[in-house]
**Q** 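Below is the structure I would like to discuss, written out as C-alpha cells.
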Amino acid sequence: MSSPGAMTGLRVIDLTRVLGGPYCTQILADHGADVIKVEPPAGDEVRDWGPPFHEEDAAYFVGINRNKRSIGFDLASEDGRAVLMKLLETADVLIENFKPGTLDKWGIGNDVLRAKFPRLVHCRISGFGADGPRGGNPGYDAIIQAMTGMIAATGSPESGPMRIGVPLVDITTGLYAAIGILMALSERQRSGLGQFLETTLYETGLAIMHPHTANYFMHGKPPSLTGNEHPNLVPYAIFPTKTDNIFIGVGNDGTFRKLAREIGKPELGTDPRFARNKDRIANREALRAELAAVFSQHEAEPLCNRLLAAGLPAGPVQKIDQALTNPHTLHRGDIIEKDWYKGVASPIRLERTKPSLRRTPPKFSQHTSEVLGEFGYSKSEIEALVAKGAVCGSERKR
C-alpha cells in the first residue's frame, strides 16, 4: 500500500494539452494530487503523436499523463462550461493553456473565476503571454528555441545551429508552472486567497539560457558554436576511448590537477598552458590532444568508474536503452510499472510522503461517469449531457 503523497488532498482541474501543462500536472499527480484531466471532444492531440502506440494512445501521451482521471467535454458549449464551474467548486488549482483571451470570450475569465472562487490558484501556460508585440501568439518548443538564442548557441562549426533534441522549453515551462503553483498555494496559507499566475514558453526560454545570457551581459558577445564543449570551462567535452565515448567535465583548477594525476599525467596540472581555466580555454586544442592520447588507451566503462570513484566528473556516453537498464537506474527504482504501463519515476524523493503510481494513463473520457457522479450528477443527467454533446462518452470526435 503506497503512502499518501505530499499533494494528497489537492484537487487540480487540468485543461492543458500537449506537453508543458500535462508535464506539470503529472508532477503533482505523482505526489498524490487528484488531477482531473479535461479534454476537448477531439481529445488531447498528442494521443495521436505516434507511433508507437498502446492501443490508440501514443507513447508521447502515455509518458506524461499517468495518475490522472480523464473527462471529455466541450467548453465551447454553455453546458460544458457549467460542468467546469461545478468542478471548480472544490478545486484548488486550475491550469490551462488556451490562447490568452479564450476564457474571457467564454465568459469565465480570470475576473469571473476570482470573484466566484477566491481561493482558486489559476495557472496559465502560454507561448508569449497576453500583451507585448507577440502577445497571444502561439508558442512551440522549437520556435522558442530559435527565438531565444538556444538554437544559435547549439551545435558545432561543422553542423551549424541545431535544435536541442529534447523539448527542453516545454518541459521546463511545466516545471516552472509546478513551482509557481506551489508558491501560490504556500502564499494562500497566509492570505487565504488564490491568485493568477502565468508561465510562458518565451520567458522560460530566456531564463534557461545560462550561462549565455550572463556572458553576453558581461562582454557583449553572442556565443559561438562550440559543439559538445563548454564556453566557460575546459576540459568539458566528449573524448573517444578504446570502446565508447566518454564525457569529461572539469569545474575548477584543483579538479583538473586531480584528473591529471589520476590519468598518470600529473605534469599537465602544472603546465603553464593548462594551469588555470583561462589558460586551458586559450589552449583548448592542445589540451584536447593531450587528453585524447591518454583516453584512447582505456576502455570507457572501467575508466569512468575509476574516475567517478575518485570524485572526478566523468561518464560514458550511453544510448537510452543503456541508461534505462543501467544497474544504478534499476537499483534506485527509477523505472516504475503497473499493468501494461512502464515509465520513469518521479525524481522528487521525499522521505515520508513518497510518490506513487496509482493509475495508468487514462483512456479518453474514461472517468466521465466516475467524476461527474462525485460532483452530484445522476446517471440520467450524465446521459443527457452526453446526448447533447456537452460531455463526451468514450469516443473522440476525429
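From a predicted model like this one, the values you see are computed outputs, not experimental measurements. In what follows, every heavy atom counts, from backbone to side chain, and hydrogens, waters and symmetry copies are set aside.
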**Q** Is Asp244 close to Pro316 at the side-chain level, that is, under 4.5 Å between some pair of heavy atoms?
**A** no

**Q** Mind checking whether Leu312 and Thr255 have side chains closer than 4.5 Å, heavy atoms only?
**A** yes

**Q** For Lys363 and Glu55, what are the C-alpha separation, side-chain angles and deciding distance, and is it a side chain to side chain contact (heavy atoms under 4.5 Å, CB included)?
**A** CA-CA 10 Å; Lys363 304 301 293 180; Glu55 297 177 352; 3.4 Å; yes

**Q** Atom NZ in Lys319, atom OG1 in Thr325: separation rounded to 0.5 Å?
**A** 12.5 Å

**Q** Using the rule that Ile, Leu, Val, Met, Phe, Trp and Tyr join whenever any side-chain heavy atoms are under 4.5 Å apart, tell me whether Leu233 and Leu259 fall into a single cluster.
**A** no

**Q** Just how far is it from atom CD1 of Ile263 to atom CG of Leu307, taken to the nearest 0.5 Å?
**A** 8.0 Å

**Q** Working to the nearest 0.5 angstrom, can you tell me the gap between Phe256 CZ and Asp279 CG?
**A** 10.0 Å

**Q** Check the angle between the aromatic planes of Phe247 and Tyr236 and answer parallel, tilted or perpendicular using the 30° and 60° thresholds.
**A** perpendicular

**Q** So among Arg47, Arg396, Arg17, which one has a salt bridge (charged side-chain N to carboxylate O under 4.0 Å, His left out) with Glu39?
**A** Arg47

**Q** Do Ser346 and His31 pair up side chain to side chain, a donor and an acceptor below 3.5 Å, judged on atom types alone?
**A** yes

**Q** Quick check: closest heavy atoms across Asp44 and Pro22, and the distance to 0.1 Å?
**A** OD2-CG, 4.2 Å

**Q** Identify whether NZ of Lys or CZ of Arg in Arg288 sits under 6.0 Å from the centre of the six-membered ring of Phe239 and within 45° of that ring's axis.
**A** yes

**Q** Could you tell me if Ser378 and Glu381 have a donor-acceptor pair between their side chains, going purely by distance under 3.5 Å?
**A** yes

**Q** Do Arg280's NZ or CZ and the ring of Phe274 fall within the cation-pi criteria of under 6.0 Å and 45°?
**A** no

**Q** Determine whether Leu19 and Ile144 fall in the same hydrophobic cluster, where Ile, Leu, Val, Met, Phe, Trp and Tyr are linked whenever their side-chain heavy atoms lie under 4.5 Å apart.
**A** no

**Q** Working to the nearest 0.5 Å, report the span between NZ of Lys86 and CD of Glu374.
**A** 13.0 Å

**Q** Between Arg81 and Glu78 (salt bridge meaning N to carboxylate O under 4.0 Å), is one present in this structure?
**A** no

**Q** With salt bridge (charged side-chain N to carboxylate O under 4.0 Å, His left out) as the test, pick out the partner of Asp34 among Arg359, Arg358, Arg69.
**A** Arg69

**Q** Among side-chain atoms of Gln195 and His122, is any donor-acceptor pair under 3.5 angstrom?
**A** no

**Q** Taking atom types as modelled, is there a side-chain donor on Ser126 or Glu198 under 3.5 Å from an acceptor on the other?
**A** yes

**Q** Out of curiosity, Ile95 CD1 to Asn97 CG, how far, rounded to the nearest 0.5 Å?
**A** 7.5 Å

**Q** Between the side chains of Arg273 and Asp271, is the shortest nitrogen-to-carboxylate-oxygen separation below 4.0 Å, so that they form an ion pair?
**A** yes

**Q** Let me confirm one number: the CZ-CD1 distance from Arg163 to Ile151, rounded to the nearest 0.5 Å.
**A** 8.0 Å

**Q** Have Asn232 and Asn215 got a donor and an acceptor in their side chains that come within less than 3.5 Å?
**A** yes

**Q** Would Asn326 and Gln322 count as having a side-chain donor-acceptor pair, cut-off 3.5 Å?
**A** no

**Q** Using a strict cut-off of less than 4.0 Å between a Lys/Arg side-chain nitrogen and an Asp/Glu carboxylate oxygen, indicate whether Asp111 and Arg114 qualify as a salt bridge.
**A** no

**Q** Any donor-acceptor pair under 3.5 Å linking the side-chain atoms of Ser77 with those of Asp79?
**A** no

**Q** State plainly whether the residues Glu299 and Lys242 are in salt-bridge range, i.e. N to O under 4.0 Å.
**A** no

**Q** Pairing donors with acceptors under 3.5 angstrom, does anything connect the side chains of Gln189 and Ser186?
**A** no

**Q** Can you name the residues that form a side chain to side chain contact (heavy atoms under 4.5 Å, CB included) with Thr90, not counting sequence neighbours?
**A** Arg11, Phe375

**Q** Mind running side chain to side chain contact (heavy atoms under 4.5 Å, CB included) on Thr200 and Tyr202 for me, showing each step along the way?
**A** CA-CA 5 Å; Thr200 76; Tyr202 187 72; 4.1 Å; yes

**Q** Should Phe364 and Ser394 count as side-chain neighbours, where that means a heavy-atom distance under 4.5 Å?
**A** no

